Participant: 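Submitted below is the structure of interest, expressed as structure tokens.
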Amino acid sequence: MCSRFQACTPFEKVVLTLPPLVLLVCVAPNLLFILIIDYDPPPTQKPSNGVSGDYLLGAGRADCTGPVAEIPLMGYANPDQVGGGLLTRLYSRAFIVAEPDSSKRVVFVSIDIGMVSQRLRLEVLKELKSKYGELYRQDNVILSGTHTHSGPGGYFQYTLFWITSKGLIKPSLNAIVKGIVKSIDIAHQNLKRGRLFINRGIVENSQINRSPYSYLQNPASEQSRYSSNTDKEMVMLKMVDENGHDLGLISWFAVHPVSMNNTNHLVNSDNVGYASLLFEQEKNKGMLPGEGSFVAAFASSNLGDVSPNTKGPFCVNTGESCDNPQSTCPVGGAAMCMAMGPGTDMFDSTRIIGQNIYSKAKELYANASQEITGPLSSAHQWVNMSDVQVELNATHTVKTCKPALGHSFAAGTIDGVGAFNFTQGSVEGDPFWDHIRDQLLGEPSNETKACHEPKPVLFSTGEMTWPHPWHPDIVDVQIATIGSLAIVAVPGEFTTMSGRRLREAVKREFDSHGTAGMDVVIAGLCNVYTHYITTYEEYQVQRYEAASTIYGPHTLSAYLQLYRGLARAIATNTVQDLPSGPEPPFFNITSLTLVPVVIPDRTPVNKTFGDVLQEVRQQYRVGEVAEVTFVSANPRNSAENMTEHNFLTVETYVNVSGKWQVVRNDASWDTRFYWTKGSSGQSNATIEWHIPSGTEPGIYRIRYFGHYKKILKPINPFEGISSTFEITSL
């Protein structure tokens, strides 16, 4: 058979009336996610059949950073981890593949955020429909979060995610929506004939399995098929125009972007974002970060149990290993067990892991020769994941459960630990916390308890509906195919073995319907966030990932069944017969938040905004840090009122022209913007430039840009300039 690929708001009330609940939920550090040399390769050779320009291709990038101060960061669910400045900007990177002779299109967007929320996706689809009609829809648009744990939160409509995000924060939501739509607009405008190539390779020294005890519960025969307990393979999709000129790339690789730990307060895109920055800087020569037409996305995959902290877990108080089933230490318990590395600090670790990922992608990009050809297709359904009947075999049927989180959810992980006496691997409840839960929220129903066994239910979120449901029931499942490439968009964090089973199931389904040889990749954290998805075997030992598998022990089996159905529909050209399923709700929420309002800004006596409080030195060498502190205003004035904004530039004086040239901005890896809030509306901004190797000797200065707010007056811009300083070659 031939293959078709040939040829006192309600929110304030809930928080203020349930303080013990807030305390309990906030100890789960991954709560919400839970819930963290010049080289120019030659143009790719023409394919052997001489055909060029098989697709229309477009790539676009847009800023989606949002507020960098006072907004809780999304990832570790640490109530003390709020934004206090900027390390690197966050971007939405969009890619459009279209058939030249039809309206068939596939859009893949990788966004530097913790995960895509249902509210975010619905808002984006609404904007796209108003602009493009039915061209970009829920079935052919994939939105995928990179899973950085250092981006602003506050863009969810389900109650659970409000607790540590302090509600629905419209400036944060709006910045992400606007950035995603703008990146798609740019990709749409840039469409041109081009070709796609795929390549794969192994990335070493960049990941460990953070729940190896869970992984070992999988059948030995299954484990024996793999050389590692993590997926080390990177899949890279290369895009060039019909003349072989570079357009962009998408890389899928399984690793948590949690090199920046839960003590960090600088908004940034973590290790995968640094890889994007490196690749885009190489291809967009002479451009500042965020500029240039080449777009490089390092997207998430089945990263559920994969950590970049390669030194592994050890007791921070004693130095001994805590690589045990409960991840606990003899002194201090689970709260002392943390993983770090490979660098000397979190900045160094981010750099090392990002460099590793970038280096492999660069190699794969240069050598990509397998061309992707064939038609485009996409299939999507909304599914009530709290009630899916799963046929395990001809005689056994099981079902999924209403959402619930187990006790080990509150323990966190070795990348971000919990508190109190919660530990991973809890298969029994704790009477103390269960009693508090029962008094405040009510006891989970017997049905929910039985459905989730052996998970001891801590929060029966599927039975909690005030002021809005605490977890989603309606979930997106989606596959898009580009010739022989199938992108499986999953709504959460699949563990290593879960992802392997999903890829195999989808590939077998395509094979059995005459479409052999499909390359199947998993795109993680897409469209709606539903925490984790473990295998049935991993679920039995209830480490963090299993306790956070919210639809029960048969969640993975349900997804395998659903995604096989999508693959079958694509392979048999029956997508039009798929039921669309129940549409997700869109709650009528305006802005429910406990984030403090921005008060009018004030300056010290005899000072104005932008004045220098602490000057730079007169001279620096490569490897040193140039630092200057200014009289500041709240950065939220800039993020919430300006479409695009730079907080800083580093500039060098050009003798020939007699002008200053910008060499760094606030998206650069080696600049850091720290904001320190004082009293009565006063604040300071400190800018650091970690002078990198290769910096030309010369005269430099640092500029700071902000906006201040006064009572009954519009927001006004201001700037500050440091004294000049010299960088010497000695």
Side-chain angles (χ1 to χ4, degrees), residues 29-30 36 73 75-76 78 81 84-88 112 146-151 202-210 230 232 234 251 253-279 281 289 298 300 303 305-323 327 336-362 412-417 622-625 627 664 667-674 688-695:
N30 281 336
I36 258 143
L73 300 186
Y76 293 109
N78 179 351
Q81 192 183 19
L86 183 66
L87 174 60
T88 58
D112 289 331
T146 63
H147 204 37
T148 175
H149 284 41
S150 296
I202 301 301
V203 183
E204 298 287 359
N205 305 315
S206 299
Q207 44 169 213
I208 62 170
N209 192 306
R210 70 184 187 189
T230 61
K232 296 180 179 294
M234 172 186 288
S251 160
F253 177 64
V255 67
H256 255 81
V258 291
S259 293
M260 299 295 292
N261 63 40
N262 62 7
T263 66
N264 167 60
H265 293 275
L266 298 181
V267 169
N268 70 87
S269 52
D270 213 281
N271 45 43
V272 292
Y274 182 56
S276 288
L277 179 65
L278 289 174
F279 215 119
Q281 286 291 98
F298 286 78
S300 59
L303 48 65
D305 53 358
V306 186
S307 169
N309 296 309
T310 54
K311 290 181 181 178
F314 63 91
C315 302
V316 294
N317 52 350
T318 66
E320 60 187 303
S321 173
C322 50
D323 189 8
S327 298
M336 292 293 107
C337 183
M338 297 179 63
M340 298 182 185
T344 56
D345 59 26
M346 59 183 170
F347 296 94
D348 194 36
S349 293
T350 301
R351 179 190 61 80
I352 292 171
I353 299 299
Q355 179 75 44
N356 288 350
I357 297 170
Y358 154 75
S359 296
K360 177 54 66 172
K362 179 179 178 180
T413 75
I414 59 173
D415 293 324
V417 298
V622 167
E624 295 185 323
V625 180
E627 179 179 326
R664 294 290 189 278
S668 300
W669 169 254
D670 42 47
T671 61
R672 300 176 191 176
F673 171 71
Y674 294 91
E688 294 179 354
W689 180 31
H690 294 244
I691 304 169
S693 60
T695 300

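Nothing here was measured: the structure is a model prediction, and the numbers come from that model.
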Participant: Pair D270, H147 - check side chain to side chain contact (heavy atoms under 4.5 Å, CB included), show working.
Facilitator: CA-CA 9 Å; D270 213 281; H147 204 37; over 6 Å; no

Participant: Mind checking whether Y358 and F279 have parallel, tilted or perpendicular rings, split at 30° and 60°?
Facilitator: perpendicular

Participant: Start with the C-alpha distance between F314 and M340, add both sets of side-chain angles, then the distance that settles side chain to side chain contact (heavy atoms under 4.5 Å, CB included), and finish with yes or no.
Facilitator: CA-CA 8 Å; F314 63 91; M340 298 182 185; 3.9 Å; yes

Participant: Using side-chain contact (heavy atoms from CB on, under 4.5 Å) as the criterion, list what pairs up with V625, not counting sequence neighbours.
Facilitator: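 Listed in chain order: E688, H690.
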
Participant: Quick one: pull up NZ in K232 and CD in E204 and give me the separation to the nearest 0.5 Å.
Facilitator: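 Output value for this atom pair is 5.0 Å.
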
Participant: Considering only residues two or more places apart or on different chains, which pairs with a residue in residues 339-350 satisfy salt bridge (Lys or Arg N to Asp or Glu O under 4.0 Å)?
Facilitator: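 Matches after skipping sequence neighbours: D348-R351.
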
Participant: Under 4.5 Å between any side-chain heavy atoms of L87 and F673, yes or no?
Facilitator: no

Participant: Can you list everything that forms a side chain to side chain donor-acceptor pair (under 3.5 Å) with T318? Sequence neighbours excluded, please.
Facilitator: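 Partners of T318 by the side chain to side chain donor-acceptor pair (under 3.5 Å) criterion, ordered by chain and then number, come out as E320.
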
Participant: So, taking the atom named CG in D670 and the one named OG in S668, what distance separates them when rounded to the nearest 0.5 Å?
Facilitator: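 These two atoms lie 5.5 Å from each other.
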
Participant: side-chain hydrogen bond (donor to acceptor under 3.5 Å, both in side chains) with S307: which of T413, N209, D415?
Facilitator: D415

Participant: Atom CZ in R210, atom CG in D305: separation rounded to 0.5 Å?
Facilitator: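 Here the interatomic distance stands at 7.5 Å.
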
Participant: With the side chain counted from C-beta on, respond yes when I353 and P342 share a heavy-atom pair under 4.5 Å apart, and no when they do not.
Facilitator: yes

Participant: To the nearest 0.5 Å, how far apart are OG in S349 and NZ in K311?
Facilitator: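 Nearest 0.5 Å value for the OG-NZ distance: 6.5 Å.
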
Participant: Check whether any side-chain heavy atom of T146 lies under 4.5 Å from a side-chain heavy atom of F298, and answer yes or no.
Facilitator: no

Participant: For the residue pair R672 and W689, establish whether any side-chain heavy-atom pair is separated by less than 4.5 Å.
Facilitator: no

Participant: Hydrogens and angles aside, do N261 and T263 bring a side-chain donor and acceptor to less than 3.5 Å of each other?
Facilitator: yes

Participant: Find out if the SG atoms belonging to C322 and C337 lie under 2.5 Å from one another.
Facilitator: yes

Participant: What are the two closest heavy atoms between L277 and P289, and how far apart are they?
Facilitator: CD1-CB, 3.5 Å

Participant: Let me confirm one number: the CD-OG1 distance from E624 to T695, rounded to the nearest 0.5 Å.
Facilitator: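 Atom-to-atom, E624:CD and T695:OG1 are 12.0 Å apart.
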
Participant: Provide the closest heavy-atom pair for A254 versus Q207 in the form atom of the first, atom of the second, distance.
Facilitator: O-NE2, 2.6 Å

Participant: Just so I know, are the side chains of V272 and I357 near enough to count as touching, which here means a heavy-atom distance under 4.5 Å?
Facilitator: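 Yes, close enough: below the 4.5 Å cut-off.
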
Participant: Using modelled atom types and a 3.5 Å cut-off, is there a donor and acceptor pairing between side-chain atoms of N262 and backbone atoms of Q81?
Facilitator: no

Participant: Please report the closest heavy-atom contact between N264 and S150, naming both atoms and the distance.
Facilitator: ND2-OG, 3.1 Å

Participant: Heavy atoms, side chains only, cut-off 4.5 Å: are S206 and T310 in contact?
Facilitator: no

Participant: Might you point out which heavy atoms bring I202 and K360 nearest each other, and give the distance in Å?
Facilitator: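 Scanning both residues completely, I find the closest heavy atoms to be O-CE, 2.9 Å.
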
Participant: NE2/H256 to OG1/T148 distance, rounded to the nearest 0.5 angstrom?
Facilitator: 11.0 Å

Participant: Is there a side-chain contact between T350 and F347 (heavy atoms, below 4.5 Å)?
Facilitator: no

Participant: Does a side-chain heavy-atom distance below 4.5 Å link V255 with L303?
Facilitator: no

